[in-house]
Amino acid sequence: INVLNPGDQSYYIRVHYFANHGGGATNATVSIYVNKSLYATYTKELPQSRRRWNVGYVTFDGPCTADSCDFTFTEEDEVMERGSSECPDC
């Protein structure tokens, strides 16, 4: 996902393991880029389907320019069971 003008707000990073079709655990990898530069890469094993990995969120402190972007990344690193296909708090 590329956000050209992020503004003063937070963007939550979530990974949903919807269905494994008998395949068992899987590894999910998320790479976070800010202003075209790699900030970090995270990998997590999701043990079975119907799980959501709350990776974390990026909060931007104003507009980004071609040369800089002020932001904070808050890592959550939490895997949660999802009881239904709805996602009210994503």
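These values consider heavy atoms only, across backbone and side chains, with no hydrogens, waters or symmetry-generated copies.
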- What are the two closest heavy atoms between Pro6 and Cys64, and how far apart are they?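 Result for this residue pair: CG-SG, 3.8 Å.
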- Query: For the residue pair Tyr17 and Gln48, what are the closest heavy atoms and their distance?
  - Reply: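 For Tyr17 and Gln48, the tightest heavy-atom pair comes out as CD2-O, 3.0 Å.
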Decide yes or no for [X] and [Y]: does some side-chain heavy atom of the first lie under 4.5 Å from some side-chain heavy atom of the second?
X     : Y     : value
Tyr42 : Asp77 : no
Glu75 : Phe73 : yes
Val55 : Val15 : yes
Met80 : Arg14 : no

- Query: Between the side chain of Asn20 and the main-chain N/O of Gly22, is any donor-acceptor distance below 3.5 Å?
  - Reply: yes
- With distance as the sole test, does Asn35 use its side chain to make a donor-acceptor pair with the main-chain N or O of Thr65 at under 3.5 Å? yes
- Does the side-chain contact (heavy atoms from CB on, under 4.5 Å) test come out yes or no for Glu81 and Arg51, once each step is laid out? CA-CA 5 Å; Glu81 183 176 358; Arg51 295 293 188 267; 3.3 Å; yes
- Message: Looking at Asn5, I'd like to know if its CG atom is crowded, meaning that more than 12 non-hydrogen atoms belonging to other residues, nucleotides or ligands lie closer than 6.0 Å.
- Response: no
- Message: If you count every heavy atom of other residues, nucleotides or ligands that lies below 6.0 Å from Tyr11 atom OH, does the total exceed 12?
- Response: yes
- Task: Quick one: pull up CZ in Phe18 and CZ in Arg50 and give me the separation to the nearest 0.5 Å.
- Result: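 These two atoms lie 6.0 Å from each other.
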- Working to the nearest 0.5 Å, report the span between CG of Asp8 and CG of Asp70.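 Here the interatomic distance stands at 10.0 Å.
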- Message: Can you tell me how the ring of Phe60 sits relative to the ring of Phe71, calling it parallel under 30°, perpendicular over 60° and tilted otherwise?
- Response: tilted
- Is there a path of hydrophobic side-chain contacts, each under 4.5 Å between heavy atoms of I, L, V, M, F, W or Y residues, that connects Tyr39 with Tyr33?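 Looking at the clustering, Tyr33 is in a separate group from Tyr39.
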